[in-house]
Amino acid sequence: MDVSYLLDGLNDRQREAVSATEQDMLVLAGAGSGKTRVLVHRIAWLIEVMNYSPLSILAVTFTNKAAAEMRGRVEKLMGRDVQRMWIGTFHGLAHRLLRAHYQDAGLPQNFQILDSDDQQRLLKRTIKALNLDEKQWPAKQAGWYINAKKDDGLRPQHIDTYDPTEQTQVQIYRAYQEACDRAGLVDFAELLLRVHELLRDNKHVREHYQRRFRHILVDEFQDTNQIQYSWVRLLAGKENHVAIVGDDDQSIYGWRGAQVENLQHFLRDFPNAQTIRLEQNYRSTATILKAANQVIGNNSDRLGKDLWTDGIDGEPISLYSAFNEQEESRYIVSQIKRWQEQGGALSDVALLYRNNAQSRVLEEGLLYSGLAYRIYGGLRFFDRQEVKDAVAYLRLLSNRNDDAAFERVVNTPTRGIGERTLGLVRELARARQLTMWDAARAMVSESLLSGRAKNAMAAFLDIINGLEDKCVDKPLSMQTDLVLKSSGLLAMYQAEQSDKAETRVENLKELVSATETFVPTGEEGMTPLAEFLAHAALEAGDEQADAYQDAVQLMTLHSAKGLEFPLVFMTGLEEGTFPSQMSSGEPGRLEEERRLCYVGMTRAMEKLIITYAESRRLYGQENFHTPSRFISEIPSEFIHEVRVQTRVTQPSAQRSRFHTGASHEAFSQTGFQLGQRVLHQVFGEGTVLNYEGTGPQSRIQINFDDVGSKWLVVAYAKLTVI
DNA sequence: GGCCACTTTGTTTTT
DNA sequence: CAAAGTGGCC
C-alpha cells in the first residue's frame with residue numbers, strides 16, 4: 001500500500017516522530033510546530049504501516065474539544081471511521097473504565113458524576129453537618145484542599161498531620177467522601193483517582209488493558225498531574241509504547257495540580273525514550289517568534305527549545321501605553337477599525353487579558369463602537385441553573401441515592417419543604433447512615449413529620465416514583481419532557497415574570513432537543529439516560545454563541561492556548577495585573593506567568609499589539625502600575641512604541657485633576673475626547689490626556705509624540721482632530 | 001417563602 | 001466597584 005501520504009508535507013523532525021520505530025518517545029513540540037498533525041499522522045502510521053488495530057491504540061487529551069478534533073482529523077486522514085478507537089479525555093476514559101468495572105472499583109452501577117458546582121454544595125452541607133463555622137472553613141477552600149489531595153493520590157487515611165488546621169480539613173475530606181460514597185457520587189478528581197486505584201490494585205483489570213493498549217499517546221503532557229501520569233505508567237506496563245507530546249514552556253496550569261516535572265519524570269521512568277524536538281514554527285512571523293523566545297529565555301530549568309521560522313520578519317510588535325484602561329480600550333477599538341478598513345476580518349482578531357474582570361471595559365468599547373465581539377468563558381449550557389435543575393430530576397430518576405440531586409430539586413419548585421423539614425431529614429439521614437431519599441421515606445412512613453410537611457414530602461416522593469412509572473420504555477426526549485411537566489419546573493419558569501425567565505424556558509426546551517439529538521453508544525449495559533447524564537457532566541457543552549458571526553474574540557490568556565489569530569492584542573501588561581499580583585514573591589509562580597506571556601505572544605500570526613495602562617481601576621480603586629517586566633524582556637529592536645507616555649511623576653496630584661463620568665461628556669462637547677489623536681501646527685501629532693474646565697478658558701493636556709506632554713488653552717491651540 | 005438591605009469578596013479553568 | 005451571598009423581616 002502506498003503510505004507516502006502519511007509523510008507528505010511534513011518536515012524532517014515531524015517525519016521522524018510519525019515514523020519512529022516502536023519505542024517510547026517524547027515529542028517536545030513548540031507553539032505552532034504542528035503538534036496535532038504529528039499525533040494524527042502517528043496514529044494513522046501505527047494502523048496503516050505497523051498494522052496495529054485501532055483498538056490497540058489509546059490517545060488521551062485534556063479537553064473534549066481536543067479529543068474531538070483529533071478523532072476528526074484521524075478519520076479524515078485515513079478516510080475511515082475510527083469510532084471504536086479510544087480517543088478521549090482523561091476524565092472521559094476514566095468514566096468509561098469505571099462503568100465497565102464499577103464493581104471492582106467499589107462503585108454502584110448507577111453512580112453519578114458530581115461537577116464542581118455540585119461538589120461545592122455538598123461540601124457546604126458537609127461542613128454544616130460537622131458543626132464547623134462556615135466562615136472559618138469555607139467550602140471553596142475545602143474543595144481546593146480535597147481536590148489537591150486526590151490529584152496527589154491521597155485518601156484521608158494517608159494524610160498524617162499534626163497541623164490542627166489540616167486535621168480539620170482532613171475531617172471534612174473524610175465526611176465529604178463518606179457522603180459521596182453513600183450517594184454514589186464521583187467528583188472529577190475522584191474519577192481519576194478511582195481508576196488509578198483500580199489499575200493499581202486489580203491485577204486482572206490492569207493486565208487486560210495492558211494487553212489491549214499497545215500504544216499510548218498523550219497530548220499536552222505538561223498539563224498532567226501526578227495521578228494522570230501514574231495512570232500512564234500503569235497502562236504502559238513493561239511492554240507497551242508511550243508517546244507523549246508536550247511543551248514545558250506552555251505549562252500554565254501548575255496552580256491546578258499540573259506538574260511540568262512529569263516531563264523530566266518521563267525521561268527518568270522511560271530511559272529508552274527518544275526525544276524529538278519540533279522547533280519549526282508555521283504560525284508566527286520571525287519578529288514575534290524571536291521576541292517570544294527572548295521572553296521565555298528568562299526562565300530557568302527549561303528542557304530547552306528555540307522556535308524558528310523560515311517565514312518573513314513581519315511587522316514589529318506595537319507597544320501602546322495608555323493613560324487608563326478606558327483609553328486602552330479606545331486605542332484597541334481604533335486599531336481594530338483600521339484592521340477592518342484594510343480588509344481584515346473581525347474573527348481574525350483576538351483580545352487577550354489576564355483576568356476576566358478586564359474584559360468589561362474592552363467590551364464596553366467594542367459595544368460603543370458597534371464592533372461585533374464574542375467573549376469566551378461564559379456560562380455553558382449544562383451549567384445553567386434551569387438546566388441543572390432539570391438534569392437533577394433525571395439524575396434522581398436514575399439513582400434515588402443521589403443526595404446532591406435530591407437537595408437541589410426537593411423544593412424546586414417550592415412545594416412546602418422548607419429548611420426546617422430538610423434539617424430533620426438530614427438529621428435522620430446522618431443518624432441512621434441513610435441517603436436523603438431513604439431518610440425522607442422513613443420520615444413519611446414512620447410519621448416523624450408534622451402533617452403538612454409529611455404531605456409535602458410524600459407528594460415529592462410520589463412525583464419522582466410516578467415519573468419513573470411514566471418513563472418506562474419511553475425515549476429519552478419524552479422522559480425529559482415528562483420530567484419538565486410533572487415536576488412543575490417548566491411551569492415555574494413559565495410563570496416567572498422576568499426577561500431571564502424567557503431564556504430559561506427556552507433553555508429547558510433546548511434541553512429536550514438535546515436529548516432528541518443525543519446518540520447513545522449503547523455501551524456496556526448503560527441506559528440512554530445514564531449515558532446522557534454522563535455526557536452532561538463531562539461535557540458541559542459550548543456556550544450559546546453564534547460561532548459563525550464575524551466577531552472579535554475576547555478571552556483570557558489561559559483559554560487562548562492552542563488557538564491562533566492573525567492579529568492579537570495582549571492587554572493590561574502591567575505589574576500586578578500581568579504578572580498577576582498573586583504570583584509575586586514565589587519565583588515558580590512568576591515563571592508560570594512568563595510562560596503564560598509566551599503562550600499569549602505565540603498566538604499571534606501576523607501582528608502583535610501589546611498595551612498597558614498607566615492607571616487602572618480595580619475594586620473601585622484607581623491604581624497606578626509600572627509596565628510589566630515582560631515588556632522590558634522583549635528586545636527593543638522588535639518593538640515599535642506607538643506613543644511614549646511621559647511618566648506621571650506625582651500620581652496623587654495628577655489624579656485629582658482627572659475628570660470622569662458626566663463632566664467627560666461636557667468635555668467632548670468642546671470637540672475633543674480623552675485618548676483622541678490631534679495635530680498641532682508646531683508640536684505635531686499627539687494624544688489628548690486630560691483637560692481642565694469648560695468653555696473658552698478650558699485647558700487641555702496633550703502628550704505629543706515628539707515633544708512629550710503639554711498643557712494648552714483650547715481656544716488658542718488651533719488643534720485639528722486626526 | 002420571598003423580598004430587600006446589608007455584608008463580603010474578589011486570578012487563571014477543564015473535567 | 002459590582003456581584004454574589006447572607007440575614008432579617010413581613
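Residue numbers start from 1 in every chain, and the chains themselves are labelled A, B, ... in the order their sequence lines are given, proteins ahead of strands. It should be emphasised that the depicted structure is a prediction, and the values quoted were computed from it without experimental measurement.
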Please list, pair by pair, any protein nitrogen or oxygen found under 3.5 Å from a nitrogen or oxygen in nucleotides 4-6 of chain B.
none

Kindly give the atom pairs (protein nitrogen or oxygen, nucleotide nitrogen or oxygen) under 3.5 Å for nucleotides 5-10 of chain C.
residue, atom, partner, partner atom, Å
C:dT6, OP1, A:K124, NZ, 3.2

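Rounded to whole Å, the separation between the C1' atoms of B:dT12 and C:dG5 comes to 23 Å. Atom name C1', nucleotides B:dT13 and C:dA2: the rounded distance is 23 Å, in whole Å.
Qualifying salt bridge (charged side-chain N to carboxylate O under 4.0 Å, His left out) partners for A:R616, counting only residues two or more places apart in sequence or in other chains: A:E328, A:E574. For the salt bridge (charged side-chain N to carboxylate O under 4.0 Å, His left out) test, no residue two or more places apart in sequence or in another chain qualifies with A:D301. Applying the side chain to side chain donor-acceptor pair (under 3.5 Å) criterion to A:E407, with sequence neighbours excluded, gives A:R125, A:R426. Legend: residues meeting side chain to side chain donor-acceptor pair (under 3.5 Å) with A:D152, ordered by chain and number and at least two apart, are absent. Listed by chain and residue number, A:R73 satisfy the salt bridge (charged side-chain N to carboxylate O under 4.0 Å, His left out) test with A:E69 (two or more places apart in sequence, or in another chain). For A:N147, the side chain to side chain donor-acceptor pair (under 3.5 Å) partners two or more places apart in sequence, or in a different chain, are A:Q119. For A:D403, there are no side chain to side chain donor-acceptor pair (under 3.5 Å) partners, not counting sequence neighbours. Under the salt bridge (charged side-chain N to carboxylate O under 4.0 Å, His left out) criterion, A:R629 pairs with A:E575, sequence neighbours left out.
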Exercise answer: donor-acceptor pairs, residues 359-367 of chain A side-chain atoms, under 3.5 Å, sequence neighbours excluded:
residue, atom, partner, partner atom, Å
A:S359, OG, A:N356, O, 2.9
A:E363, OE2, A:Y373, OH, 3.1

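At the heavy-atom level, A:N411 lies under 4.0 Å from the strands shown only through sugar-phosphate atoms.
Between A:D187 and A:Y176, the side chains place a donor N or O and an acceptor N or O closer than 3.5 Å (distance only, hydrogens not considered).
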For a quick check, with a 4.0 angstrom heavy-atom cut-off, what is the B/S/- contact string for nucleotides 10-15 of chain B, read 5' to 3'?
BBBBBB
